[in-house]
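Let me begin by presenting the structure, written as structure tokens, before commenting on it.
Since the model is a prediction, treat every value here as computed from it, not as a measurement. Ligands are counted one by one from 1 in listed order, and the atoms in each one are counted from 1 as well.
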Amino acid sequence: MAIKTVGVIGCGLMGSGIVQVSAQAGSPTVVVEADQALLDKGLDGLRKTLDGLVARAKLEARERDAILGRITGSTRLEDLKVCDLVVEAITENQPLKNEAFAKLDQICPPHTVLASNTSSCNITAMAAATKRPTQVLGLHFFNPVPLMKLVEVVRTILTDEGSVKAAREWVQAIGKVPVDVKDSTGFIVNRLLVPYLLEAIRVYESGLASLEDIDQAMKLGCGYPMGPFTLLDLVGLDTTMYVAEVMFDEFREARYAPPPLLKRMVMAGHLGRKSGRGFYDYGKK
Ligand code: 3HC
């Protein structure tokens, strides 16, 4: 089954990136948000990104208009009934995701593959909320979506080969590289990345070195494109804490436990770039 029309639920940081890469690759793409204000905010951000690319001569104005022309925004889940693939990118909350999958199952035609961009929720539970568990899988994108080449294609013990094949082919068609992984909290990347980020916070809390020097050390010493604190601010401290908590809950291993400083920064509203302040100060939002 070839995927032509794509749906995305959620037009936040990840959702709007998925909409962009899908429409950029030529797919008619329907994006659904919970209300008009959130939809406008997400689509405005996407438009600004494309305008920026046009201003820097990375994209022709004609092509920008064509991409925008392929995107339909909506606040009604029912508008996803035309989609061959729907990627859910709502907030990381298991009950909300299960509920979204149960609704999608009723709205979408029988052939539609339902995917979640979750980084930490249980995809098997989302599959079990539908009457088509064999067509439910994970498609885990990375932030910033338009620039990061990887997509983890996550199969549960229920997912069938046909759905995995269709999803992998779509991932390749949008210019990304799929890797296969089983439904296990954190998949490949977060299983390795989260303990590293949390350890960086512990090292900083211990007074070993400054934020700037830890970042510099990992950039120049290991060739990472960003140091851990720049990356934490990009990913979002609330997102990192949530993922860490879910991983700690699953594995009960100390390396996944969110350090006290991370918890306090989230309580203080220092969430990273998106709030204007995280480990670094980004000025006014
Ligand atoms: N769409 C298309 N192209 C875009 C774009 C967009 N939205 N935004 C920028 N570009 C283009 C730019 O025009 C530029 O083009 P050019 O090379 O032709 O000039 C190119 O992309 C590179 O842009 P930048 O100069 O901004 O990029 P950098 O070279 O500074 O790299 C980075 C930025 C890719 C973010 C790099 O720093 C990086 O790889 N950082 C690490 C990010 C990372 O680890 N992400 C994973 C986070 S974990 C996660 O997401 C999992 C979750 O579950 C927690």
Side-chain angles (χ1 to χ4, degrees), residues 10-25 29 42-60 63-64 66-68 71 87-93 97 115-123 138-154 174-177 179 181 183-198 200 215-216 218-220 222-247 256 258 262 266 271-274 278 280:
C11 198
L13 198 62
M14 299 302 284
S16 63
I18 299 167
V19 171
Q20 181 187 328
V21 293
S22 171
Q24 225 158 352
T29 305
L43 291 178
D44 282 351
L46 200 160
R47 248 178 246 116
K48 279 197 190 107
T49 300
L50 296 180
D51 287 346
L53 293 175
V54 172
R56 294 200 305 282
K58 305 273 180 216
L59 186 73
E60 286 186 21
E63 183 54 18
R64 173 202 54 202
I67 294 167
L68 292 172
I71 300 172
V87 184
E88 167 276 312
I90 63 173
T91 179
E92 287 289 279
N93 177 310
K97 286 185 191 275
S116 174
N117 176 56
T118 186
S119 44
S120 57
C121 293
N122 189 318
I123 296 166
L139 286 178
H140 184 214
F141 289 78
F142 293 83
N143 185 8
V145 175
L147 300 186
M148 304 307 285
K149 293 290 274 184
L150 185 73
V151 178
E152 291 177 316
V153 178
V154 188
I174 61 170
K176 304 283 183 201
V177 178
V179 290
V181 56
D183 180 26
S184 170
T185 308
F187 315 132
I188 301 171
V189 172
N190 281 337
R191 186 83 171 254
L192 300 175
L193 179 66
V194 170
Y196 157 71
L197 294 176
L198 301 181
D215 268 359
Q216 194 73 301
M218 295 313 290
K219 266 180 79 173
L220 303 185
C222 292
Y224 288 6
M226 290 177 164
F229 296 103
T230 311
L231 183 54
L232 277 158
D233 281 355
L234 175 75
V235 169
L237 304 197
D238 51 343
T239 305
T240 306
M241 191 174 89
Y242 184 80
V243 174
E245 275 173 344
V246 176
M247 291 179 81
Y256 301 115
L262 178 63
V266 172
L271 306 181
R273 282 193 199 183
K274 62 184 168 191
Y280 295 104

Contact check, side chains of M226 and M218, non-hydrogen atoms, under 4.5 Å: no
Chi angles and distances behind the side-chain contact (heavy atoms from CB on, under 4.5 Å) call for V266, L271: CA-CA 6 Å; V266 172; L271 306 181; 4.1 Å; yes
For the side chain to side chain contact (heavy atoms under 4.5 Å, CB included) test, which of T239, L237, L232, D233 pairs with V235? T239
Any idea which heavy atoms bring K274 and D238 closest together, and the distance? NZ-OD1, 2.9 Å
Taking only non-hydrogen atoms of V243, do any sit less than 4.0 angstrom from ligand 1? no
Within the 4.0 Å heavy-atom cut-off, what T240 brings close to ligand 1 is neither
Would you verify that at least one protein heavy atom lies under 4.0 Å from atom 15 (O) of ligand 1, or report that none does? yes
Sub-4.0 Å protein heavy atom near atom 30 (O) of ligand 1: no
Side chains of L68 and R47: closer than 4.5 Å at any heavy-atom pair? yes
Counting each atom of ligand 1 from 1 as listed, which ones have a heavy atom of L193 under 4.0 Å away? 48 (S)
Atom 50 (O) of ligand 1: the protein heavy-atom neighbour that sits closest, reported with distance to 0.1 Å: N143 N, 2.9 Å
Sub-4.5 Å side-chain heavy-atom contact between S120 and M247: no
Least distance between heavy atoms, S16 atom then G42 atom: CB-O, 4.1 Å
Enumerated ligand 1 atoms positioned under 4.0 Å from heavy atoms of M226: 35 (C), 37 (O), 40 (N), 41 (C)
Got the closest protein heavy atom to atom 39 (O) of ligand 1, with its distance? P225 CG, 3.5 Å
Would atom 25 (O) of ligand 1 count as contacted, meaning some protein heavy atom under 4.0 Å? no
Starting from atom 49 (C) of ligand 1, locate the nearest protein heavy atom and write down its residue, its atom name and how far away it is, to 0.1 Å. F142 CD2, 3.5 Å
Could you list the atoms of ligand 1 found under 4.0 angstrom from a heavy atom of V235? 47 (C), 48 (S), 54 (C)
Given L43 and C11, is the side-chain contact (heavy atoms from CB on, under 4.5 Å) satisfied, shown in steps? CA-CA 7 Å; L43 291 178; C11 198; 4.2 Å; yes
Compare all side-chain heavy atoms of Q20 with those of V145 and state whether any distance is below 4.5 angstrom. no
Between P144 and ligand 1, which residue portion shows a heavy-atom distance shorter than 4.0 Å: side chain, backbone, both, or neither? side chain
Is there side-chain contact between T230 and Y224, with at least one heavy-atom pair below 4.5 Å? no
Starting from atom 7 (N) of ligand 1, which protein heavy atom do you reach first, and at what distance in Å? T49 CG2, 3.0 Å
Could you tell me which non-hydrogen atom of L198 sits nearest to which non-hydrogen atom of A244, and how far apart they are? CD1-CB, 3.9 Å
Contact with ligand 1 for T239, non-hydrogen, under 4.0 angstrom: no
Look at ligand 1 and say whether Q20 reaches it with a heavy atom at a distance under 4.0 Å. yes
So is H140 touching ligand 1 or not, going by heavy atoms under 4.0 Å? yes
Atom 12 (C) of ligand 1: nearest protein contact (heavy atom, Å): R56 NH2, 3.7 Å
Enumerate the atoms of ligand 1 whose separation from the nearest heavy atom of S119 is less than 4.0 angstrom. 53 (O)
If you measure from each non-hydrogen atom of V189 to ligand 1, which part falls under 4.0 Å: side chain, backbone, both or neither? neither
Could you check atom 23 (O) of ligand 1 against the protein and tell me its nearest heavy-atom contact, residue, atom and distance included? L147 CD1, 3.9 Å
Considering non-hydrogen atoms of the protein only, which is the closest contact for atom 17 (O) of ligand 1, and what is the distance? K58 NZ, 4.8 Å
What atoms in ligand 1 come closer than 4.0 Å to a heavy atom of L231? 42 (C), 43 (C), 44 (O), 45 (N), 47 (C)
Please walk me through it: do L231 and L193 pass side-chain contact (heavy atoms from CB on, under 4.5 Å)? CA-CA 10 Å; L231 183 54; L193 179 66; 4.0 Å; yes
I would like to know whether N117 and H140 meet side-chain contact (heavy atoms from CB on, under 4.5 Å); could you show each step before the answer? CA-CA 5 Å; N117 176 56; H140 184 214; 3.9 Å; yes
the protein heavy atom lying closest to atom 6 (C) of ligand 1 turns out to be P146 CB, 3.4 Å
Can you sort out which atoms of ligand 1 are near L53, meaning under 4.0 Å from one of its heavy atoms? 1 (N), 2 (C), 3 (N), 4 (C), 10 (N), 13 (O)
When you compare the side chain of M14 with that of S119, does any pair of heavy atoms fall below 4.5 Å? no
